[in-house]
Trainee: 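Submitted below is the structure of interest, expressed as structure tokens.
Please read these numbers as outputs of a predicted model, since none were measured by experiment. Counting starts at 1 for both ligands and their atoms, following the listed order.
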Amino acid sequence: MAEQRIGVAVLGLGNIGGAVARALVHDASALERQSGLTLELVGGFARGPEYGERAGIGRERVSSDAEALIDDPQVDVVVEVLGGEQPAAALISRALAAGKHVVTANKEAVSKHLPAMLAAARDGNSALMCEASVGGGIPLLVSLRQIMATNRIERLRGIVNGTTNFILSKMDAEGADYAPTLAEAQALGYAEPDPTADVEGFDASYKLAILASLALGRHVHPQEISRTGISGVTALDIADARARGGTIRLIAGMQRTDDGATLSVAPTFIPNDDLFSRVMSNFNAIEIVGDRVGPVLLHGQGAGPSPTSSAILSDIIEAARAGSAASLRLGE
Ligand SMILES: NC(=O)c1ccc[n+]([C@@H]2O[C@H](COP(=O)([O-])OP(=O)(O)OC[C@H]3O[C@@H](n4cnc5c(N)ncnc54)[C@H](OP(=O)(O)O)[C@@H]3O)[C@@H](O)[C@H]2O)c1
């Protein structure tokens, strides 16, 4: 028998929120066996009850008032999966200040508003958790934290955007040009109808900003990152990389320097003997280099409802177990 009941609210019942809410309702007994906690979906916030039907959790659990749902005394953990900067960032800070732990997959809101969120978490003695916001299902932030307990992070390097990796690996495999490959990625659902955030490197810069904030112990705003997307990469560039014994990938990188760090997102030549050249399709890979441990490489599915909800559910459980001690923090 589980000892502790944890009430969860899910803000946003789209791809990811729907999967999380569905797991809370339909996989409750497996999650209880695995975690020893009883996770209970108190409600989901969406524009209308039809979102609950679509997510497979029924219409009656859907609320159209996010603030009332956050304030519900039954709610211990708020999962924010609305996406975008606002109202997501304001709702996250409100929940944290009210003493609710927040689990989010929203890299844009976290990377831009991290100081306000951490201040709200301190006020509310609550935890901000965002494992799913970088690297989807890969246990990346937890690994970074574990490594940082005894290491100075010298370097980070990542393929952190599945859409651009899908496009670049397909261009390489087929010798195809950028525009038709983007159109194919859109048709297959690997790229959004408006692909700007992915192909121009914004999404990767949000993720790098979160990683670099943790590694450097200060808030790194995405605007500090030098950013070049992949829309200028041609079939000729890829053929040229091949002739030189490699390929091109969109790399998000941080390199520590004497007076700080260089931070960039850019299409980068990767030699064939580098493991990153074998990161295919929508997979992600992140290399963390610590001064004691040396290079550590993590590889896995960086997106999709199942891997992403895995990270979110783990964060809910960790916040319920450890409380504010589990929270993301900067250099303390
Ligand atoms: N998809 C992935 O594989 C993945 C992986 C890692 C992280 N994430 C992150 O997870 C978050 C959610 O992504 P997603 O793929 O689930 O997006 P999504 O399918 O678009 O879901 C977002 C949901 O939130 C709703 N929503 C947004 N703003 C709202 C508002 N102001 N009021 C009421 N409802 C609102 C949307 O409703 P409408 O559709 O009616 O606008 C939609 O149902 C994002 O931050 C994303 O970056 C996604």
Side-chain angles (χ1 to χ4, degrees), residues 9-23 43-57 59 61-70 78-92 94 102-114 117 128-141 158-166 185 188-198 201-211 222 281-284 286 300-316:
V10 179
L11 311 183
L13 295 174
N15 277 321
I16 305 302
V20 171
R22 218 168 18 255
F45 163 64
R47 295 187 209 280
E50 65 279 10
Y51 285 77
E53 214 157 29
R54 236 178 281 153
I57 59 160
R59 301 170 72 90
R61 282 195 174 89
V62 177
S63 161
S64 55
D65 185 340
E67 297 189 347
L69 183 59
I70 290 169
V78 173
V79 175
E80 184 282 310
V81 272
L82 295 162
E85 194 173 345
Q86 297 294 357
L91 291 170
I92 290 172
R94 180 195 165 95
V102 171
V103 175
T104 178
N106 189 335
K107 51 248 153 185
E108 181 175 7
V110 172
S111 64
K112 292 181 178 171
H113 298 275
L114 187 55
M117 290 177 188
L128 171 67
M129 314 286 287
C130 63
E131 183 65 78
S133 66
V134 195
I138 303 170
L140 171 58
L141 303 187
I159 293 175
V160 291
N161 181 271
T163 303
T164 47
N165 205 56
F166 176 85
L188 291 169
Y190 285 117
E192 299 282 336
D194 176 359
T196 312
D198 291 317
F202 289 99
D203 175 83
S205 72
Y206 301 150
K207 292 167 174 168
L208 178 61
I210 295 172
L211 290 174
S281 192
N282 60 338
F283 271 67
N284 283 189
I286 298 98
Q301 295 190 70
S306 182
T308 307
S309 60
S310 162
I312 289 173
L313 293 164
S314 293
D315 268 357
I316 295 173

Trainee: Would you say the side chain of L82 lies within less than 4.5 Å of the side chain of L91, judging by non-hydrogen atoms?
Mentor: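 When only atoms from C-beta onward are counted, L82 and L91 do touch, with a gap below 4.5 Å.
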Trainee: Looking at side-chain heavy atoms only, is the closest gap between I92 and T104 below 4.5 Å?
Mentor: yes
Trainee: Among residues at least two apart in sequence or on other chains, which ones pass ring-ring contact (aromatic ring centres under 6.0 Å, His included) with Y51?
Mentor: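 In terms of ring-ring contact (aromatic ring centres under 6.0 Å, His included), with neighbours along the sequence ignored, Y51 is linked to no residue.
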Trainee: To the nearest 0.5 Å, what is the distance between CD on Q301 and CD1 on I138?
Mentor: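 It is 9.0 Å, given to the nearest 0.5 Å.
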Trainee: By side-chain hydrogen bond (donor to acceptor under 3.5 Å, both in side chains), which residues pair with E131, not counting sequence neighbours?
Mentor: none
Trainee: Listing by chain and number, which residues have a heavy atom under 4.0 Å from ligand 1?
Mentor: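 Within 4.0 Å of ligand 1, protein side: G12, L13, G14, N15, I16, F45, R47, Y51, V81, L82, G83, P87, A105, N106, K107, A132, A303, G304, T308.
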Trainee: Taking only residues two or more places apart in sequence, or in another chain, which ones meet N284 in a side-chain hydrogen bond (donor to acceptor under 3.5 Å, both in side chains)?
Mentor: none
